[in-house]
Number of protein chains: 2
Amino acid sequence: MPATIRDVARASGVHVSTVSRTFSAPHLVNPDTRSRVLSTAESLGYRPNRAARALITGRTHNIGLIVADIANPFFPPLIKAAESQSRQRDYHLFVADTNEDPVVEEQLVHALAKQVDGVLLCSPRMSNDLIEKLRKDVPLVVVNRPVEGLPAVVMDIAGGARAAIEHLVGLGHRDITLLGGPRGSWTNREIRRSATAAARAAGATLTALGPHQPTEAAGQAACDAVLATGASAVLAYNDLMAIGLLEALHERGVRVPEQLSVVGIDDIMLSRLVHPKLTTVATPAAAAGRAAVDMLLQDDQEHRATALVTLQTQLVIRDSTGPAPVTPPSVAADA
Amino acid sequence: MPATIRDVARASGVHVSTVSRTFSAPHLVNPDTRSRVLSTAESLGYRPNRAARALITGRTHNIGLIVADIANPFFPPLIKAAESQSRQRDYHLFVADTNEDPVVEEQLVHALAKQVDGVLLCSPRMSNDLIEKLRKDVPLVVVNRPVEGLPAVVMDIAGGARAAIEHLVGLGHRDITLLGGPRGSWTNREIRRSATAAARAAGATLTALGPHQPTEAAGQAACDAVLATGASAVLAYNDLMAIGLLEALHERGVRVPEQLSVVGIDDIMLSRLVHPKLTTVATPAAAAGRAAVDMLLQDDQEHRATALVTLQTQLVIRDSTGPAPVTPPSVAADA
DNA sequence: ATGAAAGCGCTAACAG
DNA sequence: CTGTTAGCGCTTTCAT
């Protein structure tokens, strides 16, 4: 039903190859012919079939984007930016959700491999070994995790976590709890490593909890465990967990930041809308989405293969952090 | 480089058509042959090329999803559900963002048309006429808007708006402001129509403001205009705007709900995390995403063409609504 | 500058 | 049940 290249050829009295060239190599065709072809194509409503083109060129002009959870507020800005950047370069974006499941992650890469020119693997939970294997099937760009010899865009999470710990120590906190994120998350390991080092350097103790799902519910559920540590401050794996914790704290009558200081990571929109406004480490999700697309589409294969882009993070101090209390919060809560 | 059907045929000593059948009509091939083919396919890492298949079958097994703004918290749950439902039925999902621009909307439908078996048009801003035209190019399912003769899934926004107004009237509010949403939104028109009727029926006045972008910033910016109406209650186009309004109100020292009651629509995750927790009309975004995919993939063309699925909404009363004050808020704010 | 012909990977009759 | 053949819509040599 839709017009094909043949219809256009017939209607404009040239051969299909000329029509083809008109679209894929316009400079190789006589201006007059070109405009004639173009106008009949226009009038027939002809649009090249990308799938057919892909069959022969090997380039689909599609990109796959795989995320752990579309509904996790960290991802939409990243997805939006990646989509926008893709389309600007005349690519379409497949979006797929793994539900935090590494097995689904692998299936998705395989399923998309033939239909895309590359896959953006965001915050993958699968092993590095598996990533190494999958890259044989399809060009990969990894987001939120460095992988040896593979293009990746990461954020300076270590710097962010350090800044957060230093901020807390500066406020007099000496016992800090780390509310850990999901198993398999590079970001989680990075936070832990960096926060531990920063705490030690400052003579503070850091108690790590987890692993946890990176959700508000998990943050809420971890409240008692957090209080049990007796710490006066918490650094959470992400804002969602921090916000869940904030809620549970509110229910239990623990005042933030008077009794307990809370720091998140990500700076999702929510963070400045909750009460108290969340102190957090801002991560440039949109920039990461754009950068990942750019890396994938970069012509220079050599350069791309080894590139590691690191995006800066920034501590945003709001109202959920304050001076360390004299009395630890678990005791205060009992009072 | 990747194995083709031909490689598999050669390696398993059968013809390509047999391999093809093994995958697309397994019951037509001898069990022994089948398992042999399957295992060599497995060992070669063969996966059917969907694009090539699409070329001949005419079915891509892809679906397009077009939304106004991926980062608008209303959409991620819808996208997630649509993606999950699609994949369960062995379809992949293209996601595209129009930035609330009707022109981009049209371009996207065209751009995706050849690559998908259908497009889910979510909260379209384009005209009905244009939708009618586009349906000639590709099967369409419209979400959040009924279109004559086209499959659509809508929410009972009218019922929700009525419930909201009745809730406010029941609290003694007599002057209500409607904080309008974007031009071109069917939902916006529906809210306005229904809220107006409900207010009239209850002997209350309703002042409509707008159009506005459906964003938090717009809600914030509209604060003064809202106060200027002298109303004691506000129904906003969506939660995002309501939350923006809440913020601005807080800055101006107007207490919610003591001085002004605020109701949102959507029940995004944010709504129960802001302070005060937002009273809102819950809309089933995830169910809509699933339903839309189901409708698109429904075998029965006849039935599909005329189907209109209406999903129920529900008023969720939280803390942003309360009894009408004696003194209107604009005066109180001045005091 | 344009035409002719081959073929990308696959499916779909049609034979056998 | 399996092989043969044709061709989906397009690009790309290779001629002309």
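For clarity, every value in this text was computed on a predicted model and none was experimentally measured. We name chains A, B, ... by the order of the sequence lines, and we start the count at 1 in each one.
- In this model, the phosphate group of D:dT12 is not approached by any side-chain N or O of A:Thr57 to a distance below 4.0 Å at OP1 or OP2.
- What separates CZ of B:Arg47 from C1' of C:dC10 is a distance of 17 Å, to the nearest Å.
- Using a 4.0 Å heavy-atom cutoff across all strands shown, B:Val14 reaches sugar-phosphate atoms only and no base atom.
- Across the protein-nucleic acid pair, B:Arg53 atom CZ and D:dC10 atom P stand 21 Å apart, rounded to whole Å.
- Among C:dT2, D:dC10, D:dT4, the nucleotide with an atom closest to any side-chain atom of B:Ser17 is D:dT4.
- The side chain of B:Leu55 has D:dC8 as its nearest neighbour among C:dT2, D:dC8, D:dT2.
- The two residues A:Phe75 and A:Ser123 have their closest heavy-atom pair at CZ-OG, 3.7 Å.
- Protein atom CZ of B:Arg6 is 5 Å distant from nucleotide atom P of C:dC8, rounded to whole Å.
- With 3.5 Å as the limit, one finds no donor-acceptor pair spanning the side chains of A:Arg6 and A:Tyr46.
- The side chain of A:Thr18 has C:dT2 as its nearest neighbour among D:dC8, D:dC1, C:dT2.
- Out of C:dT2, D:dG3, C:dG3, the shortest distance to the side chain of B:His15 is found at D:dG3.
- One can place CG of A:Asn30 at 11 Å from P of C:dG3, the figure rounded to the nearest angstrom.
- For the pair B:Arg36 CZ and D:dT2 C1', the computed distance is 11 Å after rounding to whole Å.
- Between the side chains of A:Asn62 and B:Gln115, at least one donor N or O sits under 3.5 Å from an acceptor N or O.
- For B:Ile56, taking side-chain heavy atoms from C-beta onward, the closest of the listed nucleotides D:dC1, D:dT11, C:dT11 is C:dT11.
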Table please: side-chain donor-acceptor pairs of residues 22-29 of chain B below 3.5 Å, with sequence neighbours left out.
from    : atom 1 : to      : atom 2 : distance (Å)
B:Thr22 : OG1    : B:Thr18 : O      : 2.7
B:Ser24 : OG     : B:Ser20 : O      : 2.8

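- Between D:dG9 and A:Thr4, no contact under 4.0 Å exists linking OP1 or OP2 to a side-chain N or O.
- Protein atom CZ of B:Phe23 is 12 Å distant from nucleotide atom C1' of C:dC10, rounded to whole Å.
- Regarding A:Ile5, its CD1 atom lies at a distance of 15 Å from the C1' atom of C:dG7, rounded to whole Å.
- A donor and an acceptor atom sit less than 3.5 Å apart, one in the side chain of A:Arg21 and one in the base of C:dG3.
- Residue A:Tyr46 is classed as a sugar-phosphate contact, given heavy-atom separations below 4.0 Å to backbone atoms only.
- For A:Arg183, the side chain to side chain contact (heavy atoms under 4.5 Å, CB included) test picks out A:Pro211, with sequence neighbours left out.
- Atom NZ in B:Lys114 sits about 11 Å away from atom C1' in D:dC10, given to the nearest Å.
- Residue A:Val16 has its side chain nearest to D:dT11 when only C:dC8, D:dT2, D:dT11 are considered.
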